[in-house]
There are 2 protein chains.
Amino acid sequence: MNKLEEYFKKISLNREPANLYNPIYYTLSQGGKRLRPKLVMMSTRFFGGDEEAALHPAAAFEMLHNFTLIHDDIMDNAPIRRGQPTVYKHWNSNIAILSGDALATLALQEMLHTPAQPETIIALTDLLSQTSVEICEGQQKDLDFETSENVSIDDFIQMIRYKTAVMLAGCLKAGAILSGATPADQEAIYQYGINIGIAFQLKDDLLDVYGDTNIFGKPIGGDIRENKKTYLYLRSLQDAQDTDKQQLLHYFSSTNFDEKEKFLAVTNIYEKLDIKHKTEAQIEAYVQKALVELGKISAGNETGKNDFITLANELSSRNK
Amino acid sequence: MNKLEEYFKKISLNREPANLYNPIYYTLSQGGKRLRPKLVMMSTRFFGGDEEAALHPAAAFEMLHNFTLIHDDIMDNAPIRRGQPTVYKHWNSNIAILSGDALATLALQEMLHTPAQPETIIALTDLLSQTSVEICEGQQKDLDFETSENVSIDDFIQMIRYKTAVMLAGCLKAGAILSGATPADQEAIYQYGINIGIAFQLKDDLLDVYGDTNIFGKPIGGDIRENKKTYLYLRSLQDAQDTDKQQLLHYFSSTNFDEKEKFLAVTNIYEKLDIKHKTEAQIEAYVQKALVELGKISAGNETGKNDFITLANELSSRNK
């Protein structure tokens with residue numbers, strides 16, 4: 001992955017205008033999990049593709065991911081990301097809008113420059129652009145939830161499918177496309193990705209309540225403070241009796257409560273309803289669905305598949 | 001061009017989530033000059049390409065243009081565009097950021113779906129993405145100018161080259177690529193586009209001071225009110241004597257002046273320095289450069305070239 005870091009430097013370091021490229025370098029060089037490039041590389045290795053060529057889709061997806069972070073942080077008023085000020089906080093909203101725009105385009109350009117057959121390049125770029133549109137749809141659904149009073153758990157899962165899962169699934173499919181995998185295998189690895197992606201996001205929401213700030217890299221309790229309609233909240237609303245339900249609705253109706261008081265009151269109800277374990281069970285269910293999809297893949301061997309099993313378990317038991 | 005309007009409806013009307021696609025439909029259906037699609041079609045016709053296929057790059061460039069308007073209006077705090085509230089005013093900033101993001105990606109996807117040889121599709125998409133990156137660079141330079149005290153006329157021309165001219169040049173080159181024009185002809189029509197693009201933007205700045213609100217579609221004097229460093233301002237600063245220069249610097253140091261008083265004082269100095277005619281002379285100079293580039297093109301015939309001559313003259317003498 002060192003080549004990836006080198007490449008990120010090349011596209012954003014010492015490039016003019018500085019106010020456009022410095023925020024891009026700042027974001028890309030912060031690292032993070034680099035989960036998306038890992039998925040592209042894993043999938044390419046599994047399907048026997050060209051790992052050198054795969055660096056391009058790997059970089060492209062990581063860039064697309066970072067673009068979404070830059071813009072989402074403006075929309076969510078998020079001050080901290082990966083333990084550092086977000087771009088709009090460090091610079092300003094206009095610079096965050098514009099450097100995000102440039103990064104999204106650079107991602108697509110990166111994909112276009114993949115050394116592969118023209119048809120493969122087009123399929124990869126189409127996948128990336130489709131992923132990008134769906135992520136916007138997911139983010140808009142998420143924003144719509146803020147003012148919606150009737151969000152079902154199904155609506156929520158649909159939202160995180162678009163907002164988070166399609167990107168992980170897209171990374172895996174990109175490796176399959178690049179390697180010339182059959183359409184059936186492309187679809188199976190994509191569906192594996194959708195399911196680990198949903199598990200991944202549920203875990204993220206869980207960590208926002210039950211994680212350790214120092215390990216997780218961002219403050220705990222932000223979702224509760226901001227009245228985010230997460231799986232934990234929606235499930236508790238579904239399972240709660242009258243008084244607890246009223247309490248939940250009361251606390252999620254405003255951001256003006258004392259932050260600690262609100263966090264304690266809400267997690268108290270979560271505890272009573274066993275929400276932590278219920279969420280963990282949901283995560284496990286999506287991991288199992290992912291493994292069923294994995295079983296459908298005809299290419300590769302058991303050792304290769306074991307890596308995907310390990311990955312699914314790692315994502316669902318991570319603490320950061 | 002009716003097919004284009006039909007197509008814009010198809011991609012954005014009745015699509016979910018509504019808060020993502022309604023602003024896209026709102027923007028695309030407002031019309032505007034449709035200059036960019038016209039340029040793609042003119043160029044395709046001139047170079048003898050497939051006009052049916054050209055609708056895709058035509059739509060793609062118009063979509064990219066509209067994406068830049070949605071985001072620029074947030075950054076510039078512009079309330080009105082084409083006589084209507086801008087997206088961020090009509091909805092809000094978050095929706096404007098996100099629907100702009102989606103529209104930019106839909107533009108690239110539209111280009112990818114051009115019915116042409118794979119190599120041609122890649123060349124067209126590469127052109128669109130390169131154009132998009134350069135437009136971001138231009139917009140950032142423009143934002144940087146707001147707080148910069150040393151903006152030369154050369155800096156300014158460089159900025160509008162990226163912010164405005166590369167898109168018009170890109171449209172013309174797209175028609176040439178699609179039609180299989182020689183690299184030399186692609187380059188010449190691109191350079192013609194750069195020069196009419198610069199003339200176009202200078203004319204825009206001129207209309208912002210000397211235009212008629214009802215015809216121009218947006219309020220007059222916005223650039224002066226917002227201390228925009230336009231060609232008119234930079235040229236007057238270059239040509240002004242001591243007192244006038246101090247006056248200009250004074251008025252362009254704040255937005256707290258009475259709007260009418262400021263407009264009158266500044267245009268008074270413009271008049272004294274003959275800035276209107278000097279700007280018109282610059283516009284004419286870029287039109288002439290464009291015609292020199294046009295002369296280098298080996299394809300097409302004189303009648304075809306006449307359309308490009310007419311276009312250059314129309315853009316530079318337009319009043320809206």
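Chain letters run A, B, ... following the sequence lines, proteins first, then strands; residues in each count from 1. These values consider heavy atoms only, across backbone and side chains, with no hydrogens, waters or symmetry-generated copies.
No other option in V133(A), T125(A), N94(A) has as many heavy-atom pairs under 4.5 Å with chain B as N94(A). Taking H113(A), E16(A), E134(A) one by one and counting their heavy-atom pairs under 4.5 Å with chain B, the maximum is reached by H113(A). For the options G138(B), P17(B), S99(B), heavy-atom pairs under 4.5 Å to chain A are most numerous at P17(B). Chosen from I122(B), L143(B), I121(B), L108(B), the residue pairing most often with chain A at heavy-atom distances under 4.5 Å is I122(B).
Heavy atoms of Q130(B) lying under 4.5 Å from chain A belong to its backbone as well as its side chain. In this structure, chain A has a heavy atom under 4.5 Å from the side chain of D144(B), while its backbone stays farther away. Residue A102(B) touches chain A through both its backbone and its side chain, counting heavy-atom pairs closer than 4.5 Å.
Side-chain contact between K141(A) and N19(B) is absent, with no heavy-atom pair separated by less than 4.5 Å. Looking only at side-chain heavy atoms (C-beta outward), H71(A) and L98(B) stay at 4.5 Å or farther from each other.
Across every non-hydrogen atom of I97(A) and M75(B), the tightest pair is CG2-CE, 3.7 Å. Of all the heavy atoms in L112(B) and S129(A), the pair that sits closest is CD1-OG, 4.0 Å.
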Determine, step by step, whether Y21(A) and Q140(B) satisfy the side-chain contact (heavy atoms from CB on, under 4.5 Å) criterion, reporting the C-alpha distance in whole Å, the side-chain angles of both residues, the deciding distance to 0.1 Å, and the verdict.
CA-CA 10 Å; Y21(A) 288 104; Q140(B) 185 59 56; over 6 Å; no
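Atoms OG and CG, from S132(A) and D101(B) in turn, are 7.5 Å apart once rounded to the nearest 0.5 Å. A distance of 6.0 Å separates CZ in R15(B) from CD in E137(A), rounded to the nearest 0.5 Å.
Other residues, nucleotides and ligands contribute at most 12 non-hydrogen atoms within 6.0 Å of the NZ atom of K89(B). No more than 12 heavy atoms of other residues, nucleotides or ligands sit less than 6.0 Å from atom CD of Q117(B).
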